[in-house]
Amino acid sequence: MKLKINDTLKREKTEFVPKNPERVTMYVCGPTVYNYAHIGNARPVVVFDVLFRLLRALYGEQHVVYARNITDVDDKINQKAIAEGVDIDIITSKFADIYNADMKALGALEPTLQPRVTQNMNAIVAQIAALVRNGHAYAAEGHVLFDVESYKAYGSLSNRSLDDMIAGARVEVAPYKKNPQDFVLWKPSKPGEPRWPSPWGEGRPGWHIECSAMIEANLGLPIDIHGGGHDLVFPHHENEIAQGVCAQHGHSHNEETYARYWMHNGFLTMDSEKMSKSIGNVQLVHELIKHFPGEVLRVALLSAHYRAPLDWTQDLLTQTHKRLDGLYGALRRAADVEQVEAGVPDAVLEALCDDLSTPRALAELSVLANALETAEAADKPRLKAQLLAAGALLGVLQGDADAWFKAGADDDLTAKVEALLVARKEARAAKNWAEADRIRDELNALNVEVMDGPTGATWKVKTGA
RNA sequence: GGCCUGAUGGCGGAGCGGUUACGCAGCGGAUUGCAAAUCCGUGUAGCCCGGUUCGACUCCGGGUCAGGCCUCCA
């Protein structure tokens, strides 16, 4: 099946053809590790995790290399380290670990590679040196700056001309810049800040060079897919292209020599408002996973197309939770159905191959669940296997179905419920409906819902409204 | 000012030039001791104005509204 993706650079939906199907490469901009990740940070992680899974399904697990960097050199990290009186690696290793644990809770696979800036300093310096050598960068007052005038395709990703940028510029222009839009590749460290040696003096890299250098060093150019949040189109990705292209010897001003496809996810709003610290509506993944199964958060993030804006609301989470209840319910009722092998149904594959239409893929999951519920016994093994295979591609439905419904119950409650169900079973056998209903009321009071079936009663912790 | 999205039924959210998206909620029915769960059925949606067409939610033009980026930012 052919994968089509909407390429930000080409501004159209095009067929994805990897440079080398034996080694498909993808890079997604990862976190700067100085704080907890919020739910907005998680959207690209989950979206590109689905793409990672899809690429593995299409090209084979061994043929996809996915890198998601960790930025562990940054002003905010420095500030935090100074404030706490510790080395930056105390801060960065702590929050990198938390980040990885949080993303794992959202069902994201580990990327193949997780390059860190501090471990790629040689590559960064080398790329800057190449840019200077190729006449695309210049040193000035301890800084090294990229000369945007030297790269004629500059602005092609964000579709803006140098003149537009100058007109819209709101930042004070440093006097050593030849052009206001020239951006920093290397800058001197302030006293007390971490520093690394370079031909231009001790200092540290600018933000944009980190990614392009790590991509070149860890994946090799050009990569197939570069992803990230929509806000990174300009200036971050625009600058990455300029660096990545111009650092190559004898380059041809061709953007595709850096990354062949660009994908950007839309933003999350919180109850229709932009997430911001000043509004106080920032929701951290670390907190959310205490209140909701990670899978609910994951499916909620995938409920809208990745390029569309997504409004994050309580109602979205409630609806998503109930939707997953329905899917897991079908699997729970099929618990005794024989395990067989089956591939991902075409409808699901087609949806995902159509620019990663997760809403459609999720809809197909519901169709499959319904088919499983209503199928003849002979068809159930295949349908169950297909539902699970489709779920695996999306990174959902892989948990134990019975456990899904009892996740909110501790051992104490479970024992209590089981005891009450035994008593209720006896009452029902004796046709003592009053007692049976009384027990059910008691269970309801414990926030437990009973479901009678032909083979006895099952139960679940009620899904909060 | 420049660049870029989006506007679908009570809510979320797709595809499609003429035929059921899907989910949540609601309603009717089956089932149930009664429920729940499940199943079956059920909604004269498509921002506005033009145009193309035998026919437009779907294509084209214009408008309105909303949001994002242009500064660290997923």
Side-chain angles (χ1 to χ4, degrees), chain A residues 8 11 28-32 37-48 74-76 155 157-161 163-172 181 207 227-236 238 264-269 272-277 299-311 313 315-327 329-330 332-333 347 350-351 354 357-370 373-374 405 428 431-434 436-437 440-441 443-444 448-454 457-460 462-463 465:
Chain A
T8 311
R11 271 170 271 281
V28 174
C29 292
T32 301
H38 58 65
I39 191 64
N41 295 313
R43 170 119 96 147
V45 174
V46 169
V47 163
F48 290 107
D74 177 83
D75 281 338
K76 291 181 194 127
L157 182 70
S158 54
N159 190 28
R160 55 189 81 190
S161 70
D163 290 343
D164 293 341
M165 293 181 223
I166 292 162
R170 281 185 252 154
V171 279
E172 203 178 322
Q181 298 308 313
W207 175 40
H230 205 79
D231 56 320
L232 296 180
V233 171
F234 187 90
H236 186 55
E238 194 73 73
H264 292 96
N265 64 273
F267 259 45
L268 235 56
T269 52
S272 305
E273 282 189 304
K274 182 174 177 168
M275 194 190 305
S276 82
K277 280 181 185 166
V299 172
L301 287 170
L302 296 174
S303 67
H305 186 88
Y306 74 92
R307 283 189 285 113
L310 173 61
D311 195 30
T313 62
D315 197 45
L316 171 68
L317 294 175
T318 304
Q319 285 193 15
T320 303
H321 203 332
K322 289 181 178 174
R323 181 179 203 171
L324 274 165
D325 282 350
L327 296 172
R332 186 196 218 187
R333 280 180 288 278
E350 276 169 22
D354 184 10
S357 181
T358 53
R360 245 203 296 163
L362 289 169
E364 292 301 334
L365 250 39
S366 294
V367 172
L368 278 169
N370 179 260
E373 296 270 23
T374 57
F405 292 103
R428 294 185 74 213
K431 296 200 189 301
N432 184 351
W433 308 129
D437 289 350
R440 190 166 62 203
D441 288 343
L443 287 162
N444 266 315
V448 167
E449 198 166 293
V450 186
M451 288 153 283
D452 290 320
T458 53
W459 60 279
K460 69 171 193 173
K462 287 186 204 167
T463 300

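The sequence lines fix the lettering, A, B, ..., with proteins before strands; numbering per chain opens at 1.
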Novice: Within the structure shown, what part of the strands sits under 4.0 Å from A:His264 by heavy-atom distance: base, sugar-phosphate, or nothing?
Specialist: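 The answer is nothing, as A:His264 stays clear of every strand by at least 4.0 Å.
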Novice: Does the side chain of A:Lys274 get closer than 4.0 angstrom to OP1 or OP2 of B:C69 through an N or O atom?
Specialist: yes
Novice: Could you check which of B:A74, B:C4, B:A37 has an atom nearest any side-chain atom of A:Met451?
Specialist: B:A37
Novice: Go nucleotide by nucleotide along RNA chain B from the 5' end; which of A:Ala369 and A:Leu232 gets its closest nucleotide reached first?
Specialist: A:Ala369
Novice: Using the P atom as the reference point in each nucleotide, state the distance between B:G46 and B:U58 in Å, no decimals.
Specialist: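 Between the two P atoms, the distance is 11 Å.
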Novice: Using a heavy-atom cut-off of under 4.0 Å over every strand shown, decide if A:Asp437 touches base, sugar-phosphate, or nothing.
Specialist: base
Novice: So, A:Asp74 and A:Thr32: side-chain donor and acceptor under 3.5 Å apart, yes or no?
Specialist: no
Novice: Can you tell me the base-pairing partner of B:C59? Count Watson-Crick or G-U wobble geometry only, both distances below 3.5 Å, and say none if there is no partner.
Specialist: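 Across any shown strand, B:C59 pairs with B:G51.
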Novice: Report which part of the nucleic acid A:Leu365 touches: base, sugar-phosphate, or nothing (heavy-atom distance under 4.0 Å, all strands).
Specialist: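 It contacts nothing in the nucleic acid.
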Novice: What does A:Arg307 touch in the nucleic acid at a heavy-atom separation under 4.0 angstrom: a base, only the sugar-phosphate, or nothing?
Specialist: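 It contacts nothing in the nucleic acid.
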Novice: Which of these nucleotides, B:A74, B:A36, B:C34, is closest to any side-chain atom of A:Asn41?
Specialist: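 Ranking B:A74, B:A36, B:C34 by closest atom to the A:Asn41 side chain puts B:A74 first.
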Novice: Stacking here means centres under 5.5 Å and planes under 30°; does A:Phe267 stack on B:G67?
Specialist: no
Novice: Taking the C1' atom of each, how far is B:U42 from B:U5, in whole Å?
Specialist: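 Going atom to atom, C1' in each nucleotide, I get 36 Å.
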Novice: Please classify the nucleic acid contact of A:Gly329 as base, sugar-phosphate, or nothing, using heavy-atom distances under 4.0 Å.
Specialist: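 Here A:Gly329 touches no strand at all.
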Novice: Identify which nucleotide among B:C4, B:C22, B:C70 has an atom closest to any side-chain atom of A:Ser366, counting heavy atoms from C-beta outward.
Specialist: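 Output: B:C22.
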Novice: Tell me the partner of B:U38, counting only Watson-Crick (N1-N3 plus N6-O4 or O6-N4) or G-U wobble (N1-O2 and O6-N3) with both under 3.5 Å; none if nothing fits.
Specialist: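 For B:U38, the partner nucleotide comes out as B:A30, under the 3.5 Å rule.
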Novice: If I pick the C1' atom on B:C16 and the same atom on B:C11, what distance separates them, to the nearest angstrom?
Specialist: 23 Å
Novice: Check this one for me: any side-chain N or O of A:Asn370 less than 4.0 Å away from OP1 or OP2 of B:C40?
Specialist: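 So the side-chain polar atoms of A:Asn370 do come within 4.0 Å of the phosphate oxygens OP1 or OP2 of B:C40, strictly under.
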Novice: Between A:Ser272 and A:Ala308, which residue's closest nucleotide on RNA chain B lies nearer the 5′ terminus?
Specialist: A:Ala308
Novice: Answer yes or no: side-chain N or O of A:Arg43 and base N or O of B:A74 forming a donor-acceptor pair under 3.5 Å.
Specialist: no
Novice: B:A21 pairs with which nucleotide, Watson-Crick or G-U wobble, both distances below 3.5 Å?
Specialist: none
Novice: Need one value for A:Arg11: base, sugar-phosphate or nothing, where a base atom within 4.0 Å counts as base even if backbone is also close, heavy atoms only.
Specialist: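 Nothing, no heavy atom under 4.0 Å.
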Novice: At less than 3.5 Å, do the side-chain atoms of A:Gln319 and the base atoms of B:G12 form a donor-acceptor pair?
Specialist: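 Such a pair does not exist between side chain and base.
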Novice: Which nucleotide, in any strand shown, forms a Watson-Crick or G-U wobble pair with B:C69, with both distances under 3.5 Å?
Specialist: B:G2
Novice: Between the side-chain atoms of A:Asp452 and the base atoms of B:A35, is any donor-acceptor pair under 3.5 Å?
Specialist: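 Pair found.
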Novice: Quick one: the side chain of A:Arg360 and the base of B:C22, do they pair up donor-acceptor inside 3.5 Å?
Specialist: no
